[in-house]
**Q** 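This is the structure I have questions about; it appears just below.
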Amino acid sequence: MNSKVVIIDYQLGNLFSVKQACEYLGYDAIISSNPEELLAADYAILPGVGAFNDSMKNLESFGLVKAIHQYINSGKPFMGVCLGLQLLLTESEEFGSTKGLNIIPGIVKKFPPDINHEFKVPQIQWNQIFEPSDGKWQNTALCVCKPGDYMYFVHSFYAQPDSEDYVLAKTTYGGTSYCSSVQRANVFATQFHPEKSGLHGVEIYKQWFDQNKK
Amino acid sequence: MLAKRIIPCLDIKNGRTVKGTNFINLRDAGDPVELGAYYAAQGADELVFLDITATIEKRKTITALANAIAHHVNIPFTVGGGIGTVEDVNILLQSGADKISVNSAALKNPILISELAKEFGSQCIVLAIDTKKEEDGKWYVYLDGGRTKTKMQCFDWAKQAVDLGAGEILLTSMNHDGTKNGFAIEITKLLAENLPVPVIASGGAGIMDHFSEVFKKASADAALAAGIFHFKEIAIPDLKKYLFQQNIPVRI
(Lines give C-alpha, C1' and ligand atoms only; values in the text may rest on other atoms or scores of the structure.)
Protein backbone atom coordinates (compact mmCIF):
# COMPACT_ATOMS: atom_id res chain seq x y z
CA MET A 1 0.00 0.00 0.00
CA ASN A 2 1.30 3.44 -0.89
CA SER A 3 -0.77 5.56 1.46
CA LYS A 4 1.25 7.74 3.77
CA VAL A 5 0.19 7.42 7.38
CA VAL A 6 1.62 9.87 9.92
CA ILE A 7 1.35 9.32 13.67
CA ILE A 8 1.85 12.73 15.23
CA ASP A 9 4.65 12.63 17.79
CA TYR A 10 4.70 15.36 20.40
CA GLN A 11 7.04 13.55 22.77
CA LEU A 12 4.36 12.28 25.10
CA GLY A 13 2.60 8.99 25.38
CA ASN A 14 2.81 5.60 23.81
CA LEU A 15 2.85 5.68 20.04
CA PHE A 16 4.11 2.16 19.65
CA SER A 17 0.79 0.36 19.87
CA VAL A 18 -0.88 2.72 17.40
CA LYS A 19 1.93 2.07 14.93
CA GLN A 20 1.54 -1.62 15.63
CA ALA A 21 -2.18 -1.53 14.76
CA CYS A 22 -1.43 0.28 11.48
CA GLU A 23 1.26 -2.25 10.58
CA TYR A 24 -1.07 -5.13 11.38
CA LEU A 25 -3.43 -3.71 8.75
CA GLY A 26 -0.63 -3.34 6.22
CA TYR A 27 0.06 0.40 6.64
CA ASP A 28 3.61 1.43 7.34
CA ALA A 29 3.08 4.45 9.60
CA ILE A 30 5.68 7.16 10.16
CA ILE A 31 6.05 8.64 13.64
CA SER A 32 6.82 12.31 13.12
CA SER A 33 6.90 15.74 14.77
CA ASN A 34 7.51 17.47 11.47
CA PRO A 35 4.65 19.76 10.29
CA GLU A 36 5.64 19.31 6.63
CA GLU A 37 5.51 15.55 6.93
CA LEU A 38 2.07 15.82 8.51
CA LEU A 39 0.78 18.00 5.71
CA ALA A 40 2.00 15.47 3.13
CA ALA A 41 0.14 12.59 4.85
CA ASP A 42 -2.89 10.74 3.48
CA TYR A 43 -3.95 9.71 6.98
CA ALA A 44 -3.02 11.39 10.27
CA ILE A 45 -3.40 10.00 13.77
CA LEU A 46 -3.05 12.06 16.95
CA PRO A 47 -2.52 9.64 19.83
CA GLY A 48 -1.51 10.49 23.36
CA VAL A 49 -1.59 9.73 27.02
CA GLY A 50 -0.53 12.39 29.48
CA ALA A 51 -1.18 15.93 30.56
CA PHE A 52 -3.27 18.29 28.42
CA ASN A 53 -1.21 21.44 29.03
CA ASP A 54 2.17 19.78 28.35
CA SER A 55 0.75 18.31 25.19
CA MET A 56 -0.51 21.65 23.89
CA LYS A 57 2.83 23.23 24.80
CA ASN A 58 4.70 20.54 22.86
CA LEU A 59 2.38 20.70 19.86
CA GLU A 60 2.86 24.46 19.80
CA SER A 61 6.65 24.25 20.08
CA PHE A 62 6.88 21.85 17.12
CA GLY A 63 4.66 24.10 15.02
CA LEU A 64 2.06 21.34 14.97
CA VAL A 65 -0.97 23.35 16.13
CA LYS A 66 -1.05 25.33 12.92
CA ALA A 67 -0.17 22.25 10.84
CA ILE A 68 -2.99 20.18 12.37
CA HIS A 69 -5.53 22.89 11.51
CA GLN A 70 -4.15 23.15 8.02
CA TYR A 71 -4.24 19.36 7.59
CA ILE A 72 -7.82 19.12 8.84
CA ASN A 73 -8.94 21.99 6.62
CA SER A 74 -7.59 20.07 3.63
CA GLY A 75 -10.32 17.47 4.24
CA LYS A 76 -7.97 14.50 4.67
CA PRO A 77 -8.83 11.88 7.31
CA PHE A 78 -7.75 12.68 10.85
CA MET A 79 -8.10 10.41 13.85
CA GLY A 80 -7.57 11.24 17.52
CA VAL A 81 -7.10 8.66 20.25
CA CYS A 82 -7.59 9.24 24.00
CA LEU A 83 -5.85 12.54 24.80
CA GLY A 84 -5.87 13.00 21.01
CA LEU A 85 -9.66 13.35 21.27
CA GLN A 86 -9.55 15.73 24.22
CA LEU A 87 -7.02 18.02 22.52
CA LEU A 88 -9.58 18.64 19.75
CA LEU A 89 -11.81 20.57 22.16
CA THR A 90 -11.76 24.27 22.99
CA GLU A 91 -10.29 24.03 26.46
CA SER A 92 -9.53 21.76 29.40
CA GLU A 93 -10.16 22.15 33.11
CA GLU A 94 -6.86 20.40 33.83
CA PHE A 95 -4.56 22.70 35.88
CA GLY A 96 -6.96 25.63 35.83
CA SER A 97 -7.73 26.16 32.20
CA THR A 98 -5.71 25.32 29.08
CA LYS A 99 -6.68 26.12 25.51
CA GLY A 100 -7.04 23.19 23.12
CA LEU A 101 -7.14 22.93 19.32
CA ASN A 102 -10.76 24.13 19.20
CA ILE A 103 -11.81 21.85 16.35
CA ILE A 104 -14.74 20.48 18.34
CA PRO A 105 -16.26 23.34 20.40
CA GLY A 106 -16.57 22.24 24.00
CA ILE A 107 -14.73 21.60 27.23
CA VAL A 108 -12.66 18.80 28.79
CA LYS A 109 -13.69 18.01 32.36
CA LYS A 110 -12.41 15.83 35.16
CA PHE A 111 -14.51 12.94 36.44
CA PRO A 112 -16.07 13.98 39.75
CA PRO A 113 -14.42 12.34 42.78
CA ASP A 114 -16.33 9.30 43.90
CA ILE A 115 -16.72 9.07 47.64
CA ASN A 116 -17.71 5.39 47.62
CA HIS A 117 -14.62 4.37 45.66
CA GLU A 118 -16.87 2.47 43.35
CA PHE A 119 -15.87 4.40 40.25
CA LYS A 120 -12.22 5.10 40.52
CA VAL A 121 -10.27 7.81 38.77
CA PRO A 122 -8.43 7.32 36.49
CA GLN A 123 -10.84 4.97 34.81
CA ILE A 124 -8.66 2.06 33.73
CA GLN A 125 -11.33 -0.15 32.34
CA TRP A 126 -13.02 -2.06 29.64
CA ASN A 127 -16.25 -0.12 29.34
CA GLN A 128 -19.16 -0.13 26.92
CA ILE A 129 -19.85 2.23 24.04
CA PHE A 130 -23.38 3.10 22.91
CA GLU A 131 -24.85 4.75 19.84
CA PRO A 132 -26.40 8.15 20.78
CA SER A 133 -29.16 7.70 18.20
CA ASP A 134 -30.06 4.93 15.78
CA GLY A 135 -28.04 4.90 12.61
CA LYS A 136 -25.41 7.34 13.83
CA TRP A 137 -22.64 4.78 13.37
CA GLN A 138 -23.57 4.11 9.75
CA ASN A 139 -20.77 5.07 7.37
CA THR A 140 -18.41 5.79 10.25
CA ALA A 141 -15.50 3.75 11.55
CA LEU A 142 -17.80 2.52 14.32
CA CYS A 143 -20.13 0.80 11.82
CA VAL A 144 -18.51 -2.51 12.79
CA CYS A 145 -19.48 -2.05 16.45
CA LYS A 146 -22.61 -3.09 18.27
CA PRO A 147 -24.03 -0.86 21.00
CA GLY A 148 -22.67 -2.28 24.25
CA ASP A 149 -19.33 -3.42 22.83
CA TYR A 150 -16.46 -3.19 25.31
CA MET A 151 -13.50 -0.95 24.56
CA TYR A 152 -10.40 -0.20 26.62
CA PHE A 153 -10.30 3.17 28.43
CA VAL A 154 -7.54 4.85 30.45
CA HIS A 155 -8.39 8.42 31.47
CA SER A 156 -9.23 10.89 34.24
CA PHE A 157 -10.77 13.58 32.02
CA TYR A 158 -13.55 13.44 29.46
CA ALA A 159 -14.71 15.61 26.58
CA GLN A 160 -17.99 17.48 26.60
CA PRO A 161 -18.73 18.91 23.15
CA ASP A 162 -21.15 21.87 23.07
CA SER A 163 -23.14 20.22 20.32
CA GLU A 164 -24.57 16.70 20.46
CA ASP A 165 -24.11 16.60 16.69
CA TYR A 166 -20.45 15.75 17.07
CA VAL A 167 -20.98 13.05 19.71
CA LEU A 168 -20.52 9.71 17.97
CA ALA A 169 -20.57 7.43 21.02
CA LYS A 170 -21.52 7.63 24.67
CA THR A 171 -20.21 5.77 27.68
CA THR A 172 -21.25 5.85 31.33
CA TYR A 173 -18.82 5.92 34.19
CA GLY A 174 -20.17 6.34 37.69
CA GLY A 175 -22.94 8.90 37.41
CA THR A 176 -21.35 10.50 34.38
CA SER A 177 -22.60 9.81 30.89
CA TYR A 178 -19.93 11.17 28.61
CA CYS A 179 -18.79 11.43 25.04
CA SER A 180 -16.51 8.50 24.14
CA SER A 181 -16.13 9.23 20.43
CA VAL A 182 -16.52 12.27 18.19
CA GLN A 183 -16.97 12.82 14.49
CA ARG A 184 -16.94 16.14 12.70
CA ALA A 185 -16.60 15.80 8.94
CA ASN A 186 -13.14 14.30 8.31
CA VAL A 187 -12.22 14.32 12.00
CA PHE A 188 -12.87 11.13 13.95
CA ALA A 189 -11.68 10.44 17.49
CA THR A 190 -12.13 7.95 20.28
CA GLN A 191 -11.63 8.37 24.01
CA PHE A 192 -10.91 4.64 24.21
CA HIS A 193 -7.90 2.89 22.73
CA PRO A 194 -8.99 0.83 19.71
CA GLU A 195 -5.41 -0.41 19.36
CA LYS A 196 -5.70 -1.97 22.82
CA SER A 197 -9.24 -3.27 22.49
CA GLY A 198 -8.52 -6.66 20.95
CA LEU A 199 -9.88 -7.61 17.54
CA HIS A 200 -12.91 -5.30 17.82
CA GLY A 201 -10.58 -2.35 18.11
CA VAL A 202 -8.43 -3.35 15.17
CA GLU A 203 -11.63 -3.49 13.10
CA ILE A 204 -12.27 0.19 13.87
CA TYR A 205 -8.88 1.16 12.44
CA LYS A 206 -9.56 -1.03 9.43
CA GLN A 207 -12.89 0.70 8.76
CA TRP A 208 -11.31 4.12 9.18
CA PHE A 209 -8.61 3.28 6.64
CA ASP A 210 -11.00 1.58 4.21
CA GLN A 211 -13.69 4.27 4.28
CA ASN A 212 -11.16 6.99 3.60
CA LYS A 213 -9.36 5.34 0.70
CA LYS A 214 -8.78 7.74 -2.13
CA MET B 1 -21.46 -1.54 32.88
CA LEU B 2 -17.80 -1.93 33.76
CA ALA B 3 -16.15 -5.21 33.02
CA LYS B 4 -14.26 -7.11 35.67
CA ARG B 5 -10.88 -7.95 34.20
CA ILE B 6 -9.27 -11.38 33.87
CA ILE B 7 -5.51 -11.08 33.76
CA PRO B 8 -3.13 -13.94 33.03
CA CYS B 9 0.25 -13.33 34.61
CA LEU B 10 3.45 -14.41 32.96
CA ASP B 11 6.19 -14.82 35.50
CA ILE B 12 9.43 -14.71 33.58
CA LYS B 13 12.76 -16.23 34.49
CA ASN B 14 15.59 -16.37 31.98
CA GLY B 15 13.18 -15.56 29.17
CA ARG B 16 10.75 -18.39 29.96
CA THR B 17 7.39 -18.36 31.70
CA VAL B 18 7.50 -20.10 35.04
CA LYS B 19 5.05 -20.74 37.78
CA GLY B 20 5.97 -21.57 41.31
CA THR B 21 4.07 -22.51 44.40
CA ASN B 22 4.42 -20.13 47.33
CA PHE B 23 7.14 -18.28 45.43
CA ILE B 24 9.54 -21.24 45.11
CA ASN B 25 9.86 -24.50 43.11
CA LEU B 26 9.68 -23.00 39.64
CA ARG B 27 8.29 -25.07 36.80
CA ASP B 28 8.63 -24.15 33.13
CA ALA B 29 5.34 -23.07 31.56
CA GLY B 30 6.48 -22.01 28.13
CA ASP B 31 7.41 -19.19 25.82
CA PRO B 32 5.97 -15.89 27.13
CA VAL B 33 5.45 -14.30 23.70
CA GLU B 34 3.52 -17.31 22.46
CA LEU B 35 1.48 -17.46 25.65
CA GLY B 36 0.74 -13.72 25.56
CA ALA B 37 -0.62 -13.90 22.01
CA TYR B 38 -2.63 -16.98 22.88
CA TYR B 39 -4.26 -15.28 25.87
CA ALA B 40 -5.06 -12.13 23.87
CA ALA B 41 -6.82 -14.25 21.26
CA GLN B 42 -8.65 -16.16 24.00
CA GLY B 43 -10.22 -12.99 25.38
CA ALA B 44 -7.88 -12.07 28.24
CA ASP B 45 -8.49 -8.45 29.22
CA GLU B 46 -4.92 -7.62 30.03
CA LEU B 47 -1.54 -9.28 30.55
CA VAL B 48 0.99 -8.83 33.30
CA PHE B 49 4.49 -10.05 33.01
CA LEU B 50 6.86 -9.97 35.87
CA ASP B 51 10.52 -10.76 35.81
CA ILE B 52 10.46 -12.51 39.14
CA THR B 53 14.21 -12.87 39.39
CA ALA B 54 15.08 -9.31 38.46
CA THR B 55 15.31 -7.72 41.89
CA ILE B 56 17.41 -10.40 43.50
CA GLU B 57 19.80 -10.75 40.61
CA LYS B 58 19.89 -6.98 40.09
CA ARG B 59 19.04 -7.65 36.49
CA LYS B 60 17.80 -4.78 34.39
CA THR B 61 14.35 -4.80 32.93
CA ILE B 62 13.11 -7.11 30.25
CA THR B 63 12.86 -4.52 27.55
CA ALA B 64 13.47 -6.84 24.63
CA LEU B 65 10.79 -9.23 25.82
CA ALA B 66 8.30 -6.37 26.32
CA ASN B 67 8.97 -5.34 22.77
CA ALA B 68 8.45 -8.85 21.43
CA ILE B 69 5.17 -9.22 23.33
CA ALA B 70 3.94 -5.82 22.14
CA HIS B 71 4.37 -6.99 18.55
CA HIS B 72 2.02 -9.88 19.11
CA VAL B 73 -0.74 -8.66 21.41
CA ASN B 74 -3.47 -6.05 20.99
CA ILE B 75 -4.59 -5.81 24.60
CA PRO B 76 -3.01 -3.78 27.43
CA PHE B 77 -0.05 -5.19 29.27
CA THR B 78 2.01 -4.40 32.33
CA VAL B 79 5.68 -5.11 32.85
CA GLY B 80 7.41 -5.42 36.20
CA GLY B 81 10.52 -6.74 37.82
CA GLY B 82 13.55 -4.82 38.95
CA ILE B 83 12.21 -1.41 37.99
CA GLY B 84 14.02 1.22 40.01
CA THR B 85 14.34 4.42 38.01
CA VAL B 86 12.43 6.84 35.80
CA GLU B 87 14.69 5.78 32.94
CA ASP B 88 13.79 2.08 33.39
CA VAL B 89 10.15 3.02 33.03
CA ASN B 90 10.71 5.29 30.08
CA ILE B 91 12.44 2.48 28.16
CA LEU B 92 9.68 -0.02 28.95
CA LEU B 93 6.86 2.31 27.95
CA GLN B 94 8.67 3.09 24.73
CA SER B 95 9.04 -0.63 24.11
CA GLY B 96 5.29 -0.97 24.07
CA ALA B 97 4.30 -1.63 27.68
CA ASP B 98 1.10 0.17 28.71
CA LYS B 99 1.84 0.12 32.42
CA ILE B 100 4.74 -0.78 34.62
CA SER B 101 4.67 -2.26 38.08
CA VAL B 102 7.03 -1.36 40.88
CA ASN B 103 7.49 -3.29 44.08
CA SER B 104 10.68 -3.44 46.18
CA ALA B 105 12.28 -0.28 44.82
CA ALA B 106 9.17 1.75 45.67
CA LEU B 107 9.07 0.63 49.28
CA LYS B 108 12.77 1.33 49.70
CA ASN B 109 12.31 4.74 48.07
CA PRO B 110 8.64 5.83 48.07
CA ILE B 111 9.45 9.10 46.29
CA LEU B 112 10.01 6.94 43.19
CA ILE B 113 6.24 6.55 42.93
CA SER B 114 5.59 10.27 42.82
CA GLU B 115 8.43 10.79 40.35
CA LEU B 116 6.97 8.15 38.06
CA ALA B 117 3.41 9.41 38.42
CA LYS B 118 4.51 12.96 37.66
CA GLU B 119 6.54 11.91 34.64
CA PHE B 120 4.21 9.32 33.08
CA GLY B 121 0.82 9.72 34.80
CA SER B 122 -0.76 7.60 37.54
CA GLN B 123 -2.63 5.51 34.99
CA CYS B 124 0.52 3.59 34.05
CA ILE B 125 1.96 3.12 37.53
CA VAL B 126 0.93 -0.14 39.18
CA LEU B 127 2.15 -0.80 42.70
CA ALA B 128 2.73 -4.51 43.27
CA ILE B 129 2.53 -5.64 46.88
CA ASP B 130 3.49 -9.09 48.13
CA THR B 131 1.86 -9.53 51.49
CA LYS B 132 1.62 -12.26 54.09
CA LYS B 133 -0.64 -12.65 57.08
CA GLU B 134 1.44 -13.50 60.11
CA GLU B 135 0.42 -15.21 63.33
CA ASP B 136 -0.37 -11.85 64.91
CA GLY B 137 -3.19 -11.53 62.38
CA LYS B 138 -1.60 -8.63 60.56
CA TRP B 139 -0.71 -8.45 56.87
CA TYR B 140 2.98 -7.53 56.39
CA VAL B 141 4.64 -6.35 53.20
CA TYR B 142 7.43 -8.53 51.80
CA LEU B 143 10.19 -7.47 49.44
CA ASP B 144 12.49 -9.05 46.89
CA GLY B 145 10.04 -11.56 45.48
CA GLY B 146 8.74 -12.57 48.89
CA ARG B 147 12.13 -13.20 50.44
CA THR B 148 12.44 -10.24 52.79
CA LYS B 149 9.93 -9.39 55.48
CA THR B 150 9.34 -5.75 56.41
CA LYS B 151 7.57 -4.09 59.33
CA MET B 152 5.27 -2.25 56.97
CA GLN B 153 1.64 -3.28 57.00
CA CYS B 154 -0.13 -3.88 53.73
CA PHE B 155 -2.96 -1.37 53.99
CA ASP B 156 -0.73 1.43 55.27
CA TRP B 157 1.71 0.96 52.43
CA ALA B 158 -1.03 0.74 49.80
CA LYS B 159 -2.63 3.93 51.13
CA GLN B 160 0.68 5.79 51.18
CA ALA B 161 1.52 4.65 47.64
CA VAL B 162 -1.86 5.77 46.32
CA ASP B 163 -1.37 9.17 47.97
CA LEU B 164 1.99 9.38 46.21
CA GLY B 165 0.41 8.64 42.84
CA ALA B 166 0.15 4.88 42.28
CA GLY B 167 -2.76 4.32 39.89
CA GLU B 168 -3.50 0.69 40.61
CA ILE B 169 -2.60 -1.97 43.18
CA LEU B 170 -1.58 -5.50 42.27
CA LEU B 171 -2.06 -7.37 45.52
CA THR B 172 -0.54 -10.82 45.94
CA SER B 173 -1.23 -12.82 49.06
CA MET B 174 1.73 -15.07 49.75
CA ASN B 175 -0.47 -17.20 52.00
CA HIS B 176 -2.68 -17.97 49.03
CA ASP B 177 -0.34 -17.88 46.04
CA GLY B 178 -0.04 -21.27 44.38
CA THR B 179 -2.39 -23.00 46.81
CA LYS B 180 -5.44 -23.08 44.48
CA ASN B 181 -7.62 -22.57 47.55
CA GLY B 182 -9.03 -19.22 46.46
CA PHE B 183 -8.02 -15.57 46.62
CA ALA B 184 -7.35 -13.66 49.85
CA ILE B 185 -10.81 -12.18 50.34
CA GLU B 186 -10.16 -10.27 53.56
CA ILE B 187 -7.15 -8.18 52.54
CA THR B 188 -8.37 -7.69 48.97
CA LYS B 189 -11.69 -6.38 50.24
CA LEU B 190 -9.99 -4.02 52.69
CA LEU B 191 -7.94 -2.43 49.93
CA ALA B 192 -10.55 -2.53 47.18
CA GLU B 193 -13.25 -0.92 49.28
CA ASN B 194 -11.09 1.73 50.91
CA LEU B 195 -8.74 2.96 48.22
CA PRO B 196 -9.64 5.20 45.30
CA VAL B 197 -7.75 3.10 42.73
CA PRO B 198 -8.44 -0.29 41.13
CA VAL B 199 -7.21 -3.39 42.95
CA ILE B 200 -6.06 -6.53 41.13
CA ALA B 201 -6.37 -9.64 43.28
CA SER B 202 -3.61 -12.18 42.84
CA GLY B 203 -2.74 -15.55 44.31
CA GLY B 204 -4.81 -18.61 45.01
CA ALA B 205 -7.08 -19.11 41.99
CA GLY B 206 -7.90 -22.79 41.57
CA ILE B 207 -11.44 -23.05 40.23
CA MET B 208 -13.81 -20.71 38.40
CA ASP B 209 -15.83 -20.02 41.51
CA HIS B 210 -12.78 -18.40 43.14
CA PHE B 211 -12.96 -15.62 40.56
CA SER B 212 -16.65 -15.12 41.15
CA GLU B 213 -15.98 -14.96 44.90
CA VAL B 214 -13.21 -12.34 44.69
CA PHE B 215 -15.36 -10.08 42.49
CA LYS B 216 -18.52 -10.47 44.56
CA LYS B 217 -17.19 -10.70 48.11
CA ALA B 218 -13.98 -8.67 47.89
CA SER B 219 -15.00 -6.07 45.28
CA ALA B 220 -11.80 -6.70 43.31
CA ASP B 221 -11.61 -4.81 40.02
CA ALA B 222 -9.58 -7.52 38.35
CA ALA B 223 -8.30 -11.00 39.10
CA LEU B 224 -4.93 -12.32 38.12
CA ALA B 225 -3.78 -15.91 37.80
CA ALA B 226 -0.94 -17.81 36.20
CA GLY B 227 -0.61 -21.56 36.63
CA ILE B 228 -4.23 -22.48 36.06
CA PHE B 229 -4.12 -20.68 32.70
CA HIS B 230 -0.64 -21.84 31.68
CA PHE B 231 -1.42 -25.46 32.36
CA LYS B 232 -4.86 -25.13 30.71
CA GLU B 233 -6.77 -26.09 33.83
CA ILE B 234 -9.17 -23.21 33.19
CA ALA B 235 -9.80 -21.82 29.70
CA ILE B 236 -10.48 -18.06 29.61
CA PRO B 237 -13.58 -18.28 27.36
CA ASP B 238 -15.13 -20.82 29.75
CA LEU B 239 -14.27 -18.64 32.75
CA LYS B 240 -15.83 -15.55 31.12
CA LYS B 241 -18.98 -17.50 30.28
CA TYR B 242 -19.20 -18.76 33.84
CA LEU B 243 -18.81 -15.27 35.32
CA PHE B 244 -21.36 -13.87 32.88
CA GLN B 245 -23.86 -16.48 34.06
CA GLN B 246 -23.13 -15.37 37.62
CA ASN B 247 -24.19 -11.84 36.64
CA ILE B 248 -20.66 -10.50 36.83
CA PRO B 249 -19.99 -8.01 34.04
CA VAL B 250 -17.25 -9.35 31.79
CA ARG B 251 -16.16 -8.62 28.27
CA ILE B 252 -17.15 -11.53 26.05
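We use all heavy atoms of the structure for the numbers below, so side chains are in, but hydrogens, waters and symmetry mates are not. Per chain, numbering begins at 1; letters A, B, ... match sequence-line order. As the structure is a computational prediction, the values presented were derived from the model and not from experiment.
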**Q** Relative to chain A, which of B:G121, B:P198, B:A40, B:G43 shows the most heavy atom pairs under 4.5 Å?
**A**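 Ranked by contacts with chain A, first place is B:P198.
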**Q** Is the shortest side-chain N to carboxylate O distance from B:E46 to B:K99 below 4.0 Å?
**A**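 Here B:E46 pairs with B:K99 in a salt bridge, since their nearest N and O are under 4.0 Å apart.
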**Q** Do the ring planes of A:Y158 and A:Y178 sit parallel (below 30°), tilted (30 to 60°) or perpendicular (above 60°)?
**A**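 The arrangement is tilted - the two ring planes meet at 30° to 60°.
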**Q** Can you tell me which portion of B:R251 sits under 4.5 Å from chain A's heavy atoms? Options are side chain, backbone, both or neither.
**A**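 For B:R251, the contact with chain A is made by backbone and side chain together.
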**Q** Can you tell me how far apart CD (A:Q138) and CD (A:E131) are? Round to the nearest 0.5 Å.
**A**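 Reported value, rounded in 0.5 Å steps: 8.0 Å.
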**Q** Answer with side chain, backbone, both or neither: which region of B:E168 has an atom nearer than 4.5 Å to a non-hydrogen atom of chain A?
**A**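 Only the side chain of B:E168 comes within 4.5 Å of chain A.
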**Q** Relative to chain A, which of B:S95, B:G167, B:S219 shows the most heavy atom pairs under 4.5 Å?
**A**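 That would be B:S95.
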**Q** Under 3.5 Å, is there a donor-acceptor pair between the A:Q191 and A:Q86 side chains?
**A**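 Present: a donor and an acceptor within the cut-off.
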**Q** In terms of heavy-atom pairs under 4.5 Å with chain A, which of B:I252, B:V73, B:N67 leads?
**A**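 Heavy-atom pair counts peak at B:N67.
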**Q** Describe, in one word, how the ring planes of A:H193 and A:Y152 are oriented to each other, choosing from parallel (under 30°), tilted (30 to 60°) and perpendicular (over 60°).
**A**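 The arrangement is tilted - the two ring planes meet at 30° to 60°.
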